[in-house]
Amino acid sequence: MDIDAKTFENLYEEFAQKIYTYCYFRVSSKEEAEDIAAAVFFRAWDHVVAGKSIENVQAFLYRIASNLVIDHYRKNKDRREITLDDPQRPIEIPDSTDIAQLVDQGILADDMKRYLALLPDAYREVIVLKYINDLSVKEIAEVLHTSENNISVRLHRAIDKLKIILKP
Amino acid sequence: MKDEQIKQLFQKIRTEATADATWRERTRTQLHAYISLHPHVKPMGILTRWMPHALRSIAILGVVMVVVITTGVSFAAQDSLPGDPLYHWKVQLESIQSAFLLSGQSKAAFEIQRTATRLHEVKALAAQPTTPASVKAEAALRLEQQVKTTSNLIVRLGVADPTQVSKSAADFQATIETSKEALATVASESQAMFRDAKRRLAQAEDVLKDKDADNIHLQVSQEKIALAEQQIANKNYIGAETSVHEALKNITAAQQVASATSSPVSSVEPSPVLSVSLSPSPQLTSQPTPKPTAVITPLPPEAVPLMTVEVKSSLIVASEPLVFTIRITNPYRAPMVLHWNTTCQVDYAIDTYPVVEDRVCTPAFNELTLLPNDSYTWDFATPLFVAPGTHTIQAELVDYTVTSQEFTVAPFPSSPPVPVLQNP
């Protein structure tokens with residue numbers, strides 16, 4: 001796909017929210033998500049200026065975001081480990097099996113981000129892409145440069161892991 | 001907790017991640033400024049850039065290609081094809097030769113030559129009618145990958161320094177076109193095989209729809225055809241070939257069953273479980289035809305299929321991929337229907353269990369019917385990263401049964417000794 005400035009700015013309008021959402025649930029911090037999401041588009045423009053074509057814009061942007069999140073983790077490894085467990089607000093595992101009722105009450109949703117943070121990063125990534133960013137398995141495979149089968153497996157395991165975390 | 005409930009939870013929290021309007025506006029402004037400072041200048045077409053430098057670059061690349069090819073060690077493996085015992089040596093030698101090339105030009109020349117070699121292999125295999133479809137598909141895959149590698153390399157060289165690449169890029173374009181034709185041939189063979197199976201299935205359905213519409217063989221063949229269609233769409237020609245063969249086998253079985261049920265009494269043995277009591281009547285001149293009833297032995301409780309792992313070669317040289325097949329067989333005299341709550345059917349690991357490595361999950365496949373003595377297989381080819389010695393494939397039919405199979409990895413053979421020149 002050949003991209004000029006106008007097209008690229010339109011792409012920003014289309015994808016800014018999605019990329020921000022993805023970053024937000026990967027790094028669990030509003031400010032850091034804003035920085036990373038902004039950096040995605042600057043990096044993408046650098047790629048365009050270098051004369052390289054982009055076949056799948058969505059996959060390309062998510063891929064840059066994924067790489068920047070990984071870089072972020074590497075730089076902030078110690079800090080990230082500390083923030084997973086907040087002694088001021090321990091995660092409460094619900095003892096009711098009526099999850100739907102809890103959802104309506106907004107009880108679980110608030111802790112859901114922290115449950116997500118308990119997942120290994122590879123699992124969290126596919127969960128966010130599938131259930132929050134609403135990408136299909138095929139689209140996720142394109143973003144992460146792997147096969148649809150591998151993504152199906154990873155999602156399956158991620159949900160299993162999440163169910164274990166959520167199990168009363 | 002159900003998947004649907006989890007989805008609801010995520011829908012709920014998604015709304016928390018709405019980007020600030022302030023942030024969006026600020027980023028938009030910064031991006032606009034950045035774009036203005038770093039404008040995108042559309043480059044010339046790749047070939048247009050290279051063509052003016054044809055003469056000098058042809059000479060350089062020509063010399064490089066001659067040097068690369070003539071200094072390569074001559075082995076019997078050079079003429080081998082995929083499926084031949086020496087083929088993997090041929091590929092290894094190419095990698096070794098490539099490692100000694102330093103300049104971009106020489107690398108490009110070598111990769112162009114390698115592409116021509118892969119193309120020759122595909123064509124040579126296509127001309128051999130007895131070559132298994134799986135071998136042809138492997139050769140086609142190698143060709144596809146090599147075309148991508150060479151294309152990417154030429155583009156990188158052209159972007160970095162347009163003076164480097166020239167007429168050879170146009171020549172490579174011709175190779176690409178020929179490669180596409182060869183790859184299309186492999187694909188069309190699989191598609192032709194699939195269309196033939198589909199036609200036979202339609203014929204069988206027409207014949208059987210009035211006689212035996214619930215024929216289980218027919219149902220199984222319909223499932224196999226649908227699976228083959230999906231596999232062809234995914235370019236999994238090896239899997240499609242297996243599915244088509246299974247479908248044709250079941251079509252034949254369906255037709256045989258239908259023929260058996262409509263045969264006259266003189267050619268059919270009455271079933272021992274059938275009890276027919278006929279009152280003799282002076283008006284009747286012949287006995288009515290008893291319809292034979294198949295003896296169906298019910299499955300034992302907790303029945304599971306037999307599972308085996310078949311390794312293509314029990315002795316593998318280090319750096320070769322591990323090629324094996326997981327097979328399940330219904331050893332009972334009743335059909336066996338396997339269900340999976342997810343779409344993952346088999347899993348395996350090397351040496352460790354139950355840590356899983358590579359589950360096979362087919363999106364359209366979470367149920368499988370095995371007729372009595374029927375088998376189903378999954379093929380694997382995986383790179384190995386284990387030390388020389390004996391290892392074990394631990395395989396699992398998800399939710400049903402497990403098995404294992406040993407194989408041995410031999411160390412990578414050392415290079416032949418270099419002859420020492422004697423002083424005159």
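From a predicted model like this one, the values you see are computed outputs, not experimental measurements. So you know, we letter chains A, B, ... as the sequences are listed, proteins then strands, and number each from 1.
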Could you check if a side-chain atom of [X] sits within less than 4.5 angstrom of a side-chain atom of [Y], using non-hydrogen atoms only?
{"X": "Tyr34(B)", "Y": "Phe41(A)", "answer": "no"}
{"X": "Thr18(B)", "Y": "Tyr20(A)", "answer": "no"}
{"X": "Tyr12(A)", "Y": "Arg24(B)", "answer": "yes"}

Subject >> Over all atoms of both residues, closest heavy-atom pair of Ala5(A) and Ile35(B) >> reply: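 Scanning both residues completely, I find the closest heavy atoms to be CB-CG2, 3.5 Å.
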
Subject >> Distance-minimising heavy-atom pair for His38(B) and Val49(A) >> reply: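 Smallest heavy-atom distance, with atoms named: O-CG2, 3.3 Å.
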
Could you measure the distance from the [atom1] atom of [X] to the [atom2] atom of [Y]? Nearest 0.5 Å is fine.
{"X": "Thr27(B)", "Y": "Glu34(A)", "atom1": "OG1", "atom2": "CD", "result": "7.5 Å"}
{"X": "Glu9(A)", "Y": "Arg28(B)", "atom1": "CD", "atom2": "CZ", "result": "9.5 Å"}
{"X": "Trp23(B)", "Y": "Glu31(A)", "atom1": "CH2", "atom2": "CD", "result": "12.5 Å"}

Original post:
Side chain, backbone, both or neither: which part of Ala37(A) has a non-hydrogen atom closer than 4.5 Å to chain B?
Top reply: both

Original post:
Given that the side chain runs from C-beta out, which part of Lys130(A) has a heavy atom under 4.5 Å from chain B: side chain, backbone, both or neither?
Top reply: neither

Original post:
Should we count NZ of Lys30(A) as having more than 12 external heavy atoms under 6.0 Å?
Top reply: yes

Original post:
Would you say Arg43(A) has more than 12 foreign heavy atoms packed within less than 6.0 Å of its CZ?
Top reply: no

Subject >> By side chain to side chain donor-acceptor pair (under 3.5 Å) - contacts of Trp45(A) (at least two apart) >> reply: none

Subject >> With sequence neighbours excluded, residues passing side chain to side chain donor-acceptor pair (under 3.5 Å) with Ser29(A) >> reply: none

